[in-house]
Amino acid sequence: MSRLDVRPSRLTFPFVLKSVVGLGDKWLGGMVHGGILKMGLEFDGFVRVSLVDMYAKMELLSLALQLFDESPERNKLDSVLLWNVVINGCCKSGILEKAVELFEAMPERNLGSWNSLINGLIRNGKVDKAVELFEGMVEKNVVSWTTMVHGLSLNGMHEKALEMFFNMIEEEGVRANDLTLVSVLSACAKTGALEAGIKIHKYILGNKFRLNAAVGTALIDMYAKCGQIQSASQVFRDTKEKDVRTWSVMIWGWAIHGSVEQALQCFEKMKLTGIEPDEVAFLAVLTACSHAGLVDEGLKFFDSMKLDYSIEPTMKHCAVIVDLYGRAGQLDEALRFIQCMALTPDFVIWGALFSACRAHKNIEMAKYVSEKLLQLEPKHSGSYVFMSNIYAGVGIWEEVERVRTSMKDKGAAKDTGLSHVEVHGKLHSFVAGDQAHMHTKEIYSKLEEMTNRAREHGYIPETEWVLHNIEEEEKEDALGTHSEKLALAFGLISTGPGVVLRIVKNLRTCGDCHSLMKHVSKLSQREIVVRDIKRFHHFKDGICSCQDYW
DNA sequence: GTAGGGTTAG
């Protein structure tokens, strides 16, 4: 055997270059490029495409473009791939004008060209342009559809993403694949669209898709985030090929539903199965501890991360620890932890302590922490809202006004509370004080009736949750139209007795809404499931699953 | 040798 037999050839380089991309090693890429030049293969069509692709994927766009420009074949037919990889590179680097220009200039296009550009546009927030292009396609394949489903979801348009998916399978008769399913299930999870999720689950079963790790994980996450923790657990059992993400979403699911025991058990079982926890798995188990007030357990996991698995805690892990101490009322320990941590505490860390200051009404520390917050993000409305909430919570209205004025001066705006409720498979959204819904009148009168009945049974509006310094009655009004209450009222008038109401809120639910929900669950004999930004509240018969610890 | 995917704060 001569050495010639193992010399790389024009057929070897594409594979080598692909591996280089996988490794992400720019220096190695340069070396391989050198080898190609030495062998005089730089003008070979196969090698050239791979080389341009490598540079494009490694975000060395100028090199990719240079090689592309120097390609003698680029204006011939059959050069589609060369154009496609360079278009893809432009999209990846966010140079969309160039991508569009190339797309328009190419001698011929294939489906990949369209899909690449659409993907580039939608990932960079150019949704309208992407939709326009998509709709103009003469021929679409499953990749085109998947790109749209995922892209719409990335831009927060989950309902549109779902519509797109059902249009694909029902109207166009295109068969989904794993990637489509994962994308659409993730949209359901983000928005809490249970009915749609169940329909997709049936589609998966009916079309005999294999429940591999990715599809299983997406399904589990969907059920968990739509409030169906038992279904999540069932799919978890059915998913045979579990990887660390599958376990993590399950642990996370138990955590947000307040089942600490299950979360911890799940974590231990994962380790016994031989799967090493990664930083997300630790984040999940720490969150479980924090939600349940298990301070010592949480700290043990935190230490184990470094000692047993050599995982350096990230800012997120530290934030959970601050939260862990903070919720349990150990504010001094939380502060000490921040002062000793290896990373420079960021906004999130101080924010976690700030929430704890609020919950435990420690105004002195809150003042100190709010300064830290405003140093880090002078325009961040959260700090102002936090601070004015603190003062409001203890009734110091002059300070509330002062903070709010200063907030206005700095041009910071409060995040809008937004809730939605799924009725007959369709999502209805509400903002605080919403008057835009077609059933506004009925919603408000139901709300009033609900509040009055609850009042007769001991509900007292917790006005400390309102920000403004206004008269007591007005405060009740401001509370009375929080978005989750409107969603609740709409849910009650639009569904029959016994139907479970599912509400999703983009912020934390306030104490007053929480209290009213408890009463309503008892008075109307309804199960109410509220998902707020961090966890689930299952209201039944006047009791909440969070046991008021949240 | 080109196009699309699953877990992460409060």
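The structure presented is a predicted model; accordingly, all values stated were derived computationally and were not measured. Just so we're on the same page: letters track the sequence lines, and every chain starts at 1.
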Closest approach to the side chain of [X], judged atom by atom: which nucleotide of [options] is it?
{"X": "A:Thr146", "options": "B:dT2, B:dG4, B:dG6", "value": "B:dG4"}
{"X": "A:Pro14", "options": "B:dG1, B:dA9, B:dG4", "value": "B:dG1"}
{"X": "A:Asn110", "options": "B:dT8, B:dG6, B:dT2", "value": "B:dT2"}
{"X": "A:Val143", "options": "B:dG6, B:dA3, B:dT2", "value": "B:dA3"}

Practice prompt. Can you establish whether the number of heavy atoms outside A:Asp69 located under 6.0 Å from its atom CG is more than 12?
Written response: yes

Worksheet item: When A:Trp83 is tested against each of A:Phe68, A:Phe103, A:Trp114 for ring pair (Phe, Tyr, Trp, His ring centres under 6.0 Å), which residue passes?
Response: A:Phe68

Identify whether any heavy atom of [X] sits under 4.0 Å from a base atom; if not, whether one sits that close to sugar-phosphate; answer base, sugar-phosphate or nothing.
{"X": "A:Val249", "value": "sugar-phosphate"}
{"X": "A:Val85", "value": "sugar-phosphate"}
{"X": "A:Ala214", "value": "base"}
{"X": "A:Ala284", "value": "nothing"}
{"X": "A:Asp323", "value": "sugar-phosphate"}
{"X": "A:Lys57", "value": "sugar-phosphate"}
{"X": "A:Ser144", "value": "nothing"}
{"X": "A:Val52", "value": "nothing"}

How close or far is atom [atom2] of [N] from atom [atom1] of [X], stated in whole angstroms?
{"X": "A:Ile87", "N": "B:dG1", "atom1": "CD1", "atom2": "C1'", "answer": "15 Å"}
{"X": "A:Leu111", "N": "B:dA3", "atom1": "CG", "atom2": "P", "answer": "13 Å"}
{"X": "A:Glu312", "N": "B:dT8", "atom1": "CD", "atom2": "P", "answer": "23 Å"}

Practice prompt. Apply side-chain hydrogen bond (donor to acceptor under 3.5 Å, both in side chains) to A:Asn124 and list each qualifying residue two or more places apart in sequence or on a separate chain.
Written response: none

Discussion item. Taking 4.0 Å as the cut-off, does a side-chain nitrogen or oxygen of A:Asn115 come that near to OP1 or OP2 on B:dG4?
Written reply: no

Item to complete: Taking only the side-chain nitrogens and oxygens of A:His150, find out if one of them lies under 4.0 Å from OP1 or OP2 of B:dG6.
Response: yes

Worksheet item: With a distance cut-off below 6.0 Å to the six-membered ring centre and an angular limit of 45° from the axis, does A:Arg175 pair with A:Tyr203 as a cation-pi contact?
Response: no

Worksheet item: Residues from residues 215-237 of chain A sitting under 4.0 Å of DNA chain B, heavy atoms only?
Response: A:Thr217, A:Asp221, A:Lys225

Worksheet item: Quick one: which of A:Asp178, A:Leu181, A:Val235 gives a side-chain contact (heavy atoms from CB on, under 4.5 Å) with A:Ile204?
Response: A:Leu181

Worksheet item: If you measure from the Lys or Arg side-chain nitrogens to the Asp or Glu carboxylate oxygens, is any gap between A:Asp44 and A:Arg48 under 4.0 Å?
Response: no

Worksheet item: Ion pair present between A:Glu279 and A:Lys316, side-chain N to carboxylate O less than 4.0 angstrom?
Response: no

Item to complete: Mark yes or no for a side-chain to base donor-acceptor pair under 3.5 Å between A:Asn141 and B:dA3, with no hydrogen or angle criteria applied.
Response: yes

Worksheet item: B:dG4 base to A:Asn177 side chain: any donor-acceptor pair below 3.5 Å?
Response: yes

